[in-house]
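Down below is the structure, laid out as structure tokens.
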Amino acid sequence: MSWRTVLIQNRCSLSLKNAQLRCERNDGVVTIPVEDITVLILETAQATVTTSLLAALQDHNVAVITCDGRHMPNGLLLPFLPHSRLSEIAALQRDWSRPFRKRCWQRIVQAKIGNQADCLMLTGQDTGTALRQMARRVDSGDTKNREAQAARDYWKRLMPPGFVRGAADFANAVLNYGYMVVRAAVARSLVSYGLLPCFGLHHDSNLNAYNLADDLLEPFRPFVDREVIRLVGDMPPAGRELSRQDRQTLAALPTRQVLIDGEVQTLTNAADRVASSLVRALREKDSRLLHLPLFAV
């Protein structure tokens with residue numbers, strides 16, 4: 001079972017040798033078994049990668065993230081058709097009913113708001129009582145848009161005064177980087193269980209190849225938020241930019257521990273269980289079989 005996130009930040013040459021990722025730098029050579037890798041983040045524009053290594057990474061279901069000139073993730077490479085029963089599962093996705101999708105979305109929103117409440121409690125910002133009450137009021141399909149109502153209360157309590165989600169500042173840069181890393185782990189799990197990420201339960205943009213990944217990312221977002229609070233602190237200095245150390249911390253998010261099915265697992269393993277449970281729920285046409293992650297409080 002893979003478990004490593006590999007972050008490439010310096011000039012180097014990446015190749016494949018004896019089933020190992022071989023990283024050659026000016027100061028020496030480092031090798032890592034390809035089968036140990038879950039996510040590879042190519043953060044520098046000064047790395048070269050051989051096609052044989054890329055093919056091996058795809059064979060081992062490794063998600064490869066590329067980054068722009070500001071070191072922010074801007075691309076995701078996933079294996080192509082890796083599952084033996086892809087057609088069967090694609091047909092299940094094609095035929096899933098609207099009520100099934102709405103009930104799954106209800107469970108996802110409830111889990112997200114519940115995790116937001118735990119995040120507030122664990123970071124010492126609030127007891128999370130109001131959000132837990134709101135989670136219980138989410139209906140099928142979230143027709144009252146409790147998710148947005150909870151978000152407004154959550155960000156106000158979690159972040160320092162003056163924070164605006166979507167602004168071009170340090171806090172938002174950290175959040176966006178962390179979400180992209182976890183989104184890659186979720187998308188990787190979906191394709192490994194034969195699910196097509198473009199067909200979402202709630203998200204349905206024609207321009208988004210990862211609608212389903214964005215659905216199932218929602219309950220994972222508060223795990224990123226907790227890490228971000230540790231980095232941001234009470235009041236980040238004006239003009240602070242995402243540092244190399246910040247990015248290294250966020251790249252390790254897939255190895256953080258969460259609770260799922262009553263067991264403490266890494267976030268990567270939890271994403272696998274979420275995808276596996278969604279396939280069971282699809283086959284049985286029972287949204288209650290969808291399992292979602294919780295904080296290991």
Can you check whether [Y]'s main-chain N or O pairs, donor with acceptor, with [X]'s side chain at less than 3.5 Å?
X    : Y    : result
Q93  : L196 : yes
R183 : D214 : no
D142 : V138 : no
E43  : C67  : no

Any side-chain heavy atom of [X] within less than 4.5 Å of one from [Y]?
X    : Y    : answer
V64  : Q58  : yes
T44  : R11  : no
T268 : T255 : no
L292 : R107 : yes
R283 : L289 : no
N10  : Q46  : no
K144 : R137 : no
L216 : I108 : yes

Over all atoms of both residues, closest heavy-atom pair of [X] and [Y]:
X    : Y    : result
A281 : F100 : O-CE1, 3.5 Å
C198 : N211 : O-ND2, 3.0 Å
D126 : G128 : OD2-N, 2.7 Å
R288 : H291 : O-CD2, 4.4 Å
C119 : Y154 : SG-OH, 3.5 Å
I89  : G194 : CG2-O, 3.5 Å

For [X], all residues meeting side chain to side chain donor-acceptor pair (under 3.5 Å), sequence neighbours excluded:
X    : answer
Q110 : none
T266 : N269
D246 : R240, S243
Q133 : none

Can you see whether [X] engages [Y] through a side-chain donor-acceptor pair at a distance of less than 3.5 angstrom?
X    : Y    : answer
H203 : D215 : yes
R226 : N115 : no
R273 : S277 : no

Is there any salt bridge (Lys or Arg N to Asp or Glu O under 4.0 Å) pair reaching into [range], and which pairs are they, with sequence neighbours excluded?
range            : value
residues 12-33   : R22-E24, R25-D27
residues 198-212 : none
residues 59-69   : D68-R70

(request) Measure the acute angle between the ring planes of F295 and F223, then classify it against the limits of 30° and 60° as parallel, tilted or perpendicular. (result)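 Because their plane-to-plane angle lies in the 30° to 60° range, the rings of F295 and F223 count as tilted.
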(message) Does S192 form a side-chain contact (heavy atoms from CB on, under 4.5 Å) with D272? I'd like the steps, not just the answer.
(response) CA-CA 8 Å; S192 68; D272 283 347; 4.2 Å; yes
[X]: partners by salt bridge (Lys or Arg N to Asp or Glu O under 4.0 Å), with sequence neighbours left out:
X    : answer
R136 : none
R101 : none
R132 : D118
D169 : none

As an exercise, state the distance from [atom1] of [X] to [atom2] of [Y], rounded to the nearest 0.5 Å.
X    : Y    : atom1 : atom2 : value
W105 : K112 : CH2   : NZ    : 6.5 Å
L14  : L40  : CG    : CG    : 7.0 Å
N61  : L78  : CG    : CG    : 8.0 Å
E147 : M134 : CD    : CE    : 11.5 Å
L278 : S287 : CG    : OG    : 10.5 Å
Q257 : E263 : CD    : CD    : 12.0 Å

(request) Carefully, step by step, assess Y179 and L250 under the rule side-chain contact (heavy atoms from CB on, under 4.5 Å). (result) CA-CA 9 Å; Y179 292 153; L250 295 167; over 6 Å; no
(request) Flag yes if more than 12 heavy atoms outside R98 fall under 6.0 Å of its CZ atom; otherwise flag no. (result)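 At most 12 heavy atoms, drawn from other residues, nucleotides or ligands, come within 6.0 Å of this atom.
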(request) Evaluate whether atom CG of D95 has more than 12 neighbouring non-hydrogen atoms of other residues, nucleotides or ligands under 6.0 angstrom away. (result)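 Enclosed.
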(request) Under the side-chain contact (heavy atoms from CB on, under 4.5 Å) rule, what do F220 and V274 come out as? Steps first, then yes or no, please. (result) CA-CA 11 Å; F220 287 97; V274 170; 4.1 Å; yes
Hydrophobic clustering (ILVMFWY, side-chain heavy atoms < 4.5 Å, transitive) - are [Y] and [X] grouped together?
X    : Y    : result
V39  : V6   : no
L122 : W155 : yes
V29  : L21  : no
L16  : L77  : yes
V181 : L175 : yes

(message) For the residue pair R94 and F199, would you count it as a cation-pi contact if the rule is NZ or CZ under 6.0 angstrom from the ring centre and within 45 degrees of the ring axis?
(response)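 Relative to the ring axis of F199, which defines the angle, R94 lies outside at least one limit.
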(request) Run the salt-bridge test on D153 and R157 with the 4.0 Å N-O cut-off and return the result as yes or no. (result)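 Between R157 and D153 there is a salt bridge, with a charged N closer than 4.0 Å to a carboxylate O.
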(request) Could you list the residues that satisfy side chain to side chain contact (heavy atoms under 4.5 Å, CB included) with P33, not counting sequence neighbours? (result)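 Result, side chain to side chain contact (heavy atoms under 4.5 Å, CB included) vs P33: R4, Q20, E35, D36.
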(request) Could you check I8 against V49 for side-chain contact (heavy atoms from CB on, under 4.5 Å), going step by step and ending with a plain yes or no? (result) CA-CA 11 Å; I8 304 297; V49 186; over 6 Å; no
